[in-house]
Amino acid sequence: MSPSSSQLRIGIVCYPTFGGSGVVATELGKALAVQGHEVHFITYNLPVRLGSFHPRVFYHEVEVSKYPLFEYPPYELVLTSKMVEVAQTHNLNLLHVHYAIPHASAAVNAKQILAEADLHVPVVTTLHGTDITLLGKDPSFKPVITHAINASDAVTTVSQSLKEDTQRLFGVTRDIDVVHNFICPKHFDRPADLEFRKQLSPSGAPILCHISNFRPVKRIDDVVKVFAKVRAERECTLLMVGDGPERGNAEALSRELGVAEDVVFLGKVKNPIEPLLISDLLLLPSETESFGLVALEAMAAGVPVVSSNVGGLPEVNAQGKTGFLRPVGDVEGMAQDCLQVLDDTRLPAFRDQAKGRSQLFHIERILPQYLAVYGRALTLNPA
Ligand code: GMT
């Protein structure tokens, strides 16, 4: 039986942190294992969403030595060696790497080393966004990212918009498959923690929520400014979930704008579903967003989204149905949109439409698309 038609042994490389790319990679790996494939995560820390034991899932830690000569520890090289070792030991059929730098470039190097030992392991690269839209603008990475994209056996992007950005910024002409990010609806099938909601909003006033890594690209100041305008019109609470470099500024701004009493900074949480289940609206005014996984997660929790209209967000958030979209920085417009969504007579329809649309991104629709990409990469590289 050819590997493309049987159960596969797949190496998955991702960032193990809270970011969307790591979440997508981890949930994909778990879903592949449920289908009977063997999945080997290769990364420097246990992925946050991996959690407890899953049958057919293995974790291989990449440890960089602290040799004093290394002012900059060579993580990419150690990762490459680890991929080679895991591929040889577990007879991997395929490497699926998430994020171009350094994962895709390490993988194409590993593939070459393995080929010298007559082991043919195709590389599937999934581009997630900042690897293209932010790092792609940095000339110091460009040759390496371009090579990694061209030398991969298959490349996927998480939105049509990111595919176009990749072609434009890197002059890439090769085939790229768009495979949208996904949700596992069963994760959302649980009751909201009403005690938690009551603590945040004792009067029952709406809760607006923002979840991110608080990096400049998320425009955290806009979140606070939009909230201040909405708060001037009606009682509400802002729940800020996550942490990062912009948190201090956002805390200061909420004091400056006189809304600090109604803003709760929760910090990092392992899983955003709990705060989403007690929220009425997600605010995502990002500067760029290749997909906006958190917007999809909000929708799956029945929470409408007010977002910017950049990147892949229009592929997720449907104008006037699951929420609204505005140009980056349109704080006034976003505040108006929030008030419309939160209108008691309209909110239930927005909630239903958000949940309904999220089903288009059901893992059961997306997983076969990845398997089709794997199948093609394997056909190009017969063992
Ligand atoms: O948003 C971030 O800064 C994290 C980053 C990541 O690498 O995890 O997110 C990117 O990948 C996500 C998963 O595919 C996408 O949903 C996010 O839109 C994308 N972030 C940006 O494009 C800014």
Side-chain angles (χ1 to χ4, degrees), residues 3-4 7-43 45-60 83 86-87 90 92-100 103-104 107 121-129 131 152-159 162-163 176-188 270-273 290-294 296-297 300 312 315-316 358-378:
S4 57
Q7 304 316 120
L8 298 171
R9 292 176 300 279
I10 304 160
I12 292 188
V13 181
C14 64
Y15 283 106
T17 52
F18 292 93
S21 62
V23 169
V24 167
T26 310
E27 295 296 351
L28 175 63
K30 287 178 352 194
L32 286 163
V34 168
Q35 286 215 339
H37 302 286
E38 189 176 297
V39 176
H40 294 262
F41 284 98
I42 306 168
T43 182
N45 243 329
L46 192 68
V48 275
R49 285 278 182 97
L50 194 52
S52 50
F53 166 78
H54 302 272
R56 294 180 289 281
V57 172
F58 302 85
Y59 164 57
H60 307 269
M83 281 194 245
V86 175
H90 297 276
L92 294 187
N93 302 119
L94 184 113
L95 285 164
H96 185 177
V97 294
H98 294 257
Y99 217 83
H103 302 157
V121 183
V123 172
V124 175
T125 294
T126 291
L127 302 171
H128 279 273
D131 42 358
S152 297
D153 295 279
V155 174
T156 77
T157 56
V158 296
S159 63
L162 184 59
K163 175 177 174 172
I176 296 178
D177 287 276
V178 175
V179 182
H180 283 121
N181 285 335
F182 57 84
I183 39 116
C184 305
K186 68 172 190 294
H187 294 173
F188 296 81
K270 268 203 172 162
N271 196 326
I273 294 174
S290 68
F291 181 89
L293 182 63
V294 72
L296 176 60
E297 290 178 320
E315 295 170 51
V316 182
S358 73
Q359 302 306 302
L360 296 177
F361 302 87
H362 195 303
I363 177 103
E364 283 173 8
R365 296 172 78 119
I366 304 297
L367 190 62
Q369 297 176 34
Y370 274 120
L371 286 170
V373 172
Y374 292 174
R376 259 183 288 131
L378 286 162

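Rounding to the nearest 0.5 Å gives a distance of 5.0 Å between NE2 of H60 and NE2 of H40. L371 CG to I366 CD1: the interatomic distance, rounded to the nearest 0.5 Å, is 12.0 Å. One finds the CG atom of L296 at 9.5 Å from the CG atom of L360 (value rounded to the nearest 0.5 Å). Taken to the nearest 0.5 Å, the CD1 atom of I183 stands 9.5 Å off from the CG atom of L293.
Nearest heavy-atom pair across H103 and C14 is CE1-C, 3.4 Å. Across every non-hydrogen atom of L378 and L8, the tightest pair is CD1-CD2, 3.7 Å. The two residues A377 and L94 have their closest heavy-atom pair at CB-CD1, 4.3 Å. Nearest heavy atom pair, residue A31 against residue I363, reads CB-CD1, 3.7 Å.
When side chains are defined from C-beta on, I273 counts as touching F188, because their heavy atoms get closer than 4.5 Å. Counting heavy atoms from C-beta on, the side chains of D177 and R376 come closer than 4.5 Å.
A donor-acceptor pair under 3.5 Å is formed between the side chain of Q369 and the backbone N or O of R365.
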Yes or no on side chain to side chain contact (heavy atoms under 4.5 Å, CB included) for M83 and V121, after CA distance, side-chain angles and deciding distance? CA-CA 10 Å; M83 281 194 245; V121 183; over 6 Å; no
H187 vs E27, side chain to side chain contact (heavy atoms under 4.5 Å, CB included): CA-CA, chis, key distance, verdict: CA-CA 11 Å; H187 294 173; E27 295 296 351; 3.3 Å; yes
Evaluate side chain to side chain contact (heavy atoms under 4.5 Å, CB included) for T43 paired with Y15, printing each intermediate quantity in order. CA-CA 7 Å; T43 182; Y15 283 106; 5.9 Å; no
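Ring orientation note: the planes of Y370 and Y374 are tilted relative to one another, at an angle of 30° to 60°. Using bins of under 30°, 30° to 60° and over 60° for the plane-to-plane angle, the ring pair F291/H180 lands in the tilted bin.
Ionic pairing of K163 and E315 is not present here: no N-O contact between side-chain nitrogen and carboxylate oxygen is shorter than 4.0 angstrom.
Side-chain contact check for S290 and H128: no donor-acceptor pair (N or O, by modelled atom type) lies under 3.5 Å.
For E364, the CD atom counts as loosely surrounded, since its 6.0 Å shell holds 12 or fewer non-hydrogen atoms of other residues, nucleotides or ligands.
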